[in-house]
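So the structure is just underneath, and the comments pick up after that.
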Amino acid sequence: MITMIDTLKQDIRDYLEKTLEARFQQVIPVVVEEPKKADQGDLSVPVFSIVKELRQPLPLITQLVKQLLLEGELSTMIDHIDVMGGFVNVHFDKKAMADQIIANFTRDLLNNQLGSSNEGVGKTIVMDYSSPNIAKTFSIGHLRSTIIGHAIGNLLEKCGYHVVRINHLGDWGTQFGKIIYAYLHYGDPAKVEANPIEELVKLYVDFHEREKQDPNLEVEARAVFKGLEDRNPQYLALWEKFREVSLQEYMKIYDLLGVRFDSYAGEASYVDKTDAIIEELTAKGLLVEDQGAMIVDLGDIAPALIQKSDGTTLYFTRELAALFFRKREYDFDKVLYVVGNEQKLHFEQLRRVVDKMGYDFPEDIIHVNFGLVLQDGKKMSTRKGKIVKLIDVLEEAISMSLSYIGDKNPDLENKEEIAKKIGTSAIIFNDLKNYRVNDFEFNLDDMVNFNGQTGPYLQYTSVRITSILATSPIDSSRINEDVFLDEVAFDMLKEISLYQDTISRAAREFAPSILAKYLLHLASLFNSYYGKERIVVEDSMERNAKFLLLFMVRAVLDDGMKLLGMQVIEKM
RNA sequence: GACCCGGUAGCUCAGUUGGAUAGAGCAACGGCCUUCUAAGCCGUCGGUCGGGGGUUCGAAUCCCUUCCGGGUCGCCA
């Protein structure tokens with residue numbers, strides 16, 4: 001739970017600030033950072049801010065800082081200090097640091113706390129993610145929500161939070177009026193039975209086509225939805241059926257991705273709670289009529305629509321009902337909505353309405369937004385039938401990994417099983433490696449490219465290590481520490497010591513990409529080491545040290561991959 | 001039109017509180033498998049950090065302005 005570099009950084013900053021304040025009777029902010037280049041040391045202190053505060057010549061200050069560091073308690077960890085221009089570069093004693101890092105790692109591993117922290121202990125976070133729309137194709141867009149949400153949930157749990165995972169199914173709304181209308185008027189029950197989602201989507205797209213010719217259809221569909229909200233038994237039965245078959249389809253994808261939820265309560269389960277919301281808004285004088293609909297006026301931003309002119313509820317109304325239900329049910333500290341960028345306004349409205357209602361938790365409502373999946377630079381749309389099916393992409397990735405295996409390791413056992421793990425992990429990693437708010441141009445070639453910064457690269461690195469470690473057992477009590485003096489070996493140790501800090505940062509920023517990039521860097525260090533150093537050597541002291549190092553790298557890689565929702569494999 | 005994102009190498013992207021010579025991968029080209037898995041490693045090529053101005057000892061990072069791309073903006077979710 002302690003990261004070496006990070007604590008040292010803090011310690012040096014605190015020490016220098018305290019000492020300088022004592023000496024000059026003024027508060028001087030000190031910056032401590034990790035230099036980019038190896039010859040610039042392990043930590044660096046740019047002294048410009050100190051020079052400015054004290055108005056003294058730069059060489060004098062650099063000498064002073066160097067002197068203070070050598071006199072301080074931390075000097076036992078310091079090998080030597082260089083001064084380069086305005087930078088005081090601290091080089092640590094590699095063996096002393098290696099000892100510390102290994103000791104910390106071993107302790108964390110034994111306590112099953114690798115990468116763990118306790119910053120979230122006692123706090124509950126409710127997460128709303130995946131949330132596909134019933135009777136619609138599970139698209140690449142929903143994939144983003146699913147895997148980003150899943151990874152963030154894992155990261156938060158690692159930091160000690162209690163996480164409640166909710167799949168807020170889009171199982172209510174005007175769209176069902178359209179689908180039910182279309183099904184009843186020109187749907188083919190046999191076809192729908194055979195191929196539910198595909199046929200329902202066809203009906204939906206078809207409806208929009210016909211609507212262009214006959215605007216009256218929209219009115220008809222609204223009437224059907226109204227009937228649904230008024231509990232028309234025929235409509236309800238159809239709705240239930242559509243929901244059932246859709247969910248079955250989605251579960252296949254969740255199984256493949258290894259994703260699970262604590263609740264599948266969709267929008268429909270909040271319809272009966274919207275009356276209470278409307279009453280409360282009315283009682284608080286927030287609800288006003290406008291053009292026949294009921295809205296909450298939010299001043300400088302677009303108003304929130306609460307009730308349509310025909311009396312039916314809206315997405316926003318059900319969202320409010322769900323929010324208050326969750327607050328009562330789980331008493332969350334934060335609620336995270338893993339939903340695309342395009343709904344930014346919606347969540348701003350949600351916060352504003354909660355604030356206007358007089359509650360104290362609008363700041364705990366967090367929109368974890370992510371970029372759109374674009375096609376030809378434009379948004380995909382179910383309505384226009386312009387959508388990429390996730391299952392097709394997954395299958396493509398799996399068959400691609402199968403052909404890789406046939407190419408590179410034809411004798412491998414359980415080819416199909418492993419190909420599945422490689423393919424799905426590749427898709428997951430391909431999404432998570434980039435910062436989530438960036439838009440995402442859909443490109444199948446990129447997704448199934450397995451070279452370079454990819455999921456298979458991480459898995460391959462772990463597999464390589466497994467294969468080496470299988471050659472002989474490690475005796476970690478008999479190691480030659482000179483191994484850690486190697487630049488790349490030492491970099492790996494430093495990187496390992498940053499694991500927990502990386503997870504905390506990724507969790508704090510709800511950004512799995514931070515962990516993904518970290519894992520890539522660690523894997524790349526190992527592969528570089530592997531390329532230049534022979535690992536399985538005769539000398540047992542040297543071998544033990546190298547094996548220990550590899551063991552640590554693999555432990556971190558595997559743990560990190562699992563957090564991202566990827567599968568760890570032993571052979572490929 | 002208003003508001004919100006984004007613009008860094010041919011392509012996909014990193015770049016933490018402003019710090020040293022802006023980094024990876026892909027693609028291209030050249031090397032490395034009789035020894036630990038070549039899904040790898042090493043090297044070469046590739047940059048007006050969209051443009052302009054400002055703040056600063058120091059700006060890809062902060063401020064202003066402008067151009068370009070995308071998204072959103074009352075009865076869809």
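Note on naming: letters A, B, ... go to the chains in the order of the sequence lines (proteins, then strands), and numbering restarts at 1 for each one. These figures come from a predicted structure and were not determined experimentally.
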Spacing of the C1' atoms in B:rU44 and B:rU48 (rounded, Å):
24 Å
If a pair satisfies side-chain hydrogen bond (donor to acceptor under 3.5 Å, both in side chains) and one of its residues is in residues 46-60 of chain A, list it, with sequence neighbours excluded.
none
Nucleotide by nucleotide, nucleotides 8-20 of chain B touches protein heavy atoms under 4.0 Å in the pattern (B base, S sugar-phosphate only, - none) ----SSS-SB-BB
Could you say whether the aromatic ring of A:Tyr530 and the base of B:rG40 stack, counting only centre distances under 5.5 Å and plane angles under 30°?
no
Return the value, rounded to whole Å, for the distance between atom CG of A:Leu520 and atom P of B:rC41.
11 Å
Closest approach to the side chain of A:Glu218, judged atom by atom: which nucleotide of B:rG74, B:rC76, B:rG40 is it?
B:rC76
N/O (side chain, A:Lys408) to phosphate O (OP1/OP2, B:rA39) under 4.0 Å:
yes
Answer with base, sugar-phosphate or nothing: what part of the nucleic acid does A:Ile535 contact at a heavy-atom distance below 4.0 Å?
base
Measure the acute angle between the ring planes of A:Tyr337 and A:Phe347, then classify it against the limits of 30° and 60° as parallel, tilted or perpendicular.
tilted
Nearest-Å distance, CG (A:Leu320) to C1' (B:rA77)?
15 Å
Taking salt bridge (Lys or Arg N to Asp or Glu O under 4.0 Å) as the definition, give me every residue that meets it alongside A:Glu34, ordered by chain and number, with sequence neighbours left out.
A:Lys9
side-chain hydrogen bond (donor to acceptor under 3.5 Å, both in side chains): pairs with one or both residues in residues 455-468 of chain A, sequence neighbours excluded:
A:Ser425-A:Gln459, A:Tyr457-A:Asn527, A:Tyr460-A:Arg464, A:Thr461-A:Asn527, A:Ser462-A:Asp558, A:Arg464-A:Asn527, A:Thr466-A:Arg554
Has A:Thr174 got a side-chain N or O lying under 4.0 Å from the OP1 or OP2 atom of B:rA77?
yes
Just call it for A:Met294: base, sugar-phosphate, or nothing, with non-hydrogen atoms closer than 4.0 Å on any strand.
nothing
In whole angstroms, how far is the C1' atom of B:rC76 from the CZ atom of A:Phe207?
12 Å
Between B:rU56 (P) and A:Lys52 (NZ): distance, integer Å:
8 Å
Can you check the distance between B:rU21 and B:rC4, where both ends of the measurement are the C1' atom (answer in whole Å)?
37 Å
Which nucleotide wins on minimum distance to the side chain of A:Gln291, given the candidates B:rA39, B:rC36, B:rG74?
B:rG74
Whole Å only: how far is the OH atom of A:Tyr529 from the P atom of B:rC41?
16 Å
Pick the P atom in B:rA38 and in B:rC32, then give their distance to the nearest Å.
16 Å
A:Tyr181-A:Tyr235 aromatic ring centre distance below 6.0 Å
no
Counter-base of B:rU44, judged by Watson-Crick or G-U geometry with both distances under 3.5 Å
B:rA28
Please report the distance separating the P of B:rC45 from the corresponding atom of B:rC29, rounded so that it comes out in whole Å.
16 Å
B:rA77, B:rA39, B:rU72: which one has an atom nearest the side-chain heavy atoms of A:Phe450?
B:rA39
Of the listed B:rG71, B:rG74, B:rA77, the closest approach to the A:Leu372 side chain comes from B:rG71
Taking the minimum atom-to-atom distance to the side chain of A:Lys571, which one of B:rC57, B:rU37, B:rC36 wins?
B:rU37
Mind calculating the distance between CE (A:Met447) and P (B:rC26) to the nearest angstrom?
19 Å
Tell me which nucleotide among B:rA38, B:rA77, B:rU72 gets nearest to the side chain of A:Glu267.
B:rA77
Answer with base, sugar-phosphate or nothing: what part of the nucleic acid does A:Arg508 contact at a heavy-atom distance below 4.0 Å?
nothing
Closer to the 5' end of RNA chain B via nearest nucleotide, is it A:Pro456 or A:Arg534?
A:Arg534
Under 4.0 Å between any heavy atoms, over every strand shown, what does A:Ile306 touch: base, sugar-phosphate, or nothing? Just pick one.
nothing
Roughly how far apart, to the nearest Å, are B:rU37 and B:rG43 at atom C1'?
23 Å
Can you tell me how far P in B:rC73 sits from the matching atom in B:rG58, rounded to whole Å?
45 Å
Restricting to pairs with a member in residues 42-51 of chain A, which pass salt bridge (Lys or Arg N to Asp or Glu O under 4.0 Å), not counting sequence neighbours?
A:Asp42-A:Lys494
Going by atom types only, do A:Asn451 and A:Thr454 share a side-chain donor-acceptor pair under 3.5 Å?
no
Check: A:Phe526 ring centroid to A:His521 ring centroid under 6.0 Å:
no
Quick one: on RNA chain B, does A:Asn451 or A:Lys308 contact a more 5' nucleotide (nearest heavy atom)?
A:Asn451
Could you tell me whether A:Ser528 contacts a base, only the sugar-phosphate backbone, or nothing, with contacts defined as non-hydrogen atoms closer than 4.0 Å?
sugar-phosphate
Heavy atoms under 4.0 Å, any strand shown: does A:Glu538 hit a base, just sugar-phosphate, or nothing?
nothing
Looking just at side-chain N and O atoms, do A:His367 and A:Glu348 make a donor-acceptor pair shorter than 3.5 Å?
no
Write out all pairs satisfying side-chain hydrogen bond (donor to acceptor under 3.5 Å, both in side chains) with one or both partners inside residues 401-424 of chain A, taking only residues at least two apart or from two chains.
none
What integer distance in Å separates A:Asn527:CG from B:rG43:P?
14 Å
Using a heavy-atom cut-off of 4.0 Å across all strands, would you classify A:Gly85 as base, sugar-phosphate, or nothing?
nothing
Syn or anti for B:rC33, please, going by whether the chi angle lies within 90° of 0.
syn
Could you please name the partner base of B:rU35, counting Watson-Crick and G-U wobble pairs only when both distances are under 3.5 Å?
none
Given B:rA77, is OP1 or OP2 found less than 4.0 Å from the side-chain N or O atoms of A:Tyr315?
no
Out of B:rC75, B:rU21, B:rU72, whichever nucleotide has its closest atom nearest the side chain of A:Ser309:
B:rC75
Does the ring center of A:His168 lie less than 6.0 Å from the ring center of A:Tyr264?
no
Counterpart base for B:rA2, defined by Watson-Crick or G-U wobble contacts under 3.5 Å
B:rU72
Specify the separation, in whole Å, of atom CD of A:Glu342 and atom P of B:rC73.
10 Å
Using atom C1' in both nucleotides, what's the gap between B:rG74 and B:rA27 to the nearest angstrom?
48 Å
Considering only the P atoms, how many Å lie between B:rC5 and B:rC63, rounded to the nearest integer?
11 Å
Classify the nucleic acid contact of A:Leu314 as base, sugar-phosphate or nothing, counting any heavy atom under 4.0 Å across all strands shown.
sugar-phosphate
Going by purine N1 to pyrimidine N3 plus the second Watson-Crick contact, or the G-U wobble pair, all under 3.5 Å, which nucleotide sits opposite B:rC13?
B:rG23
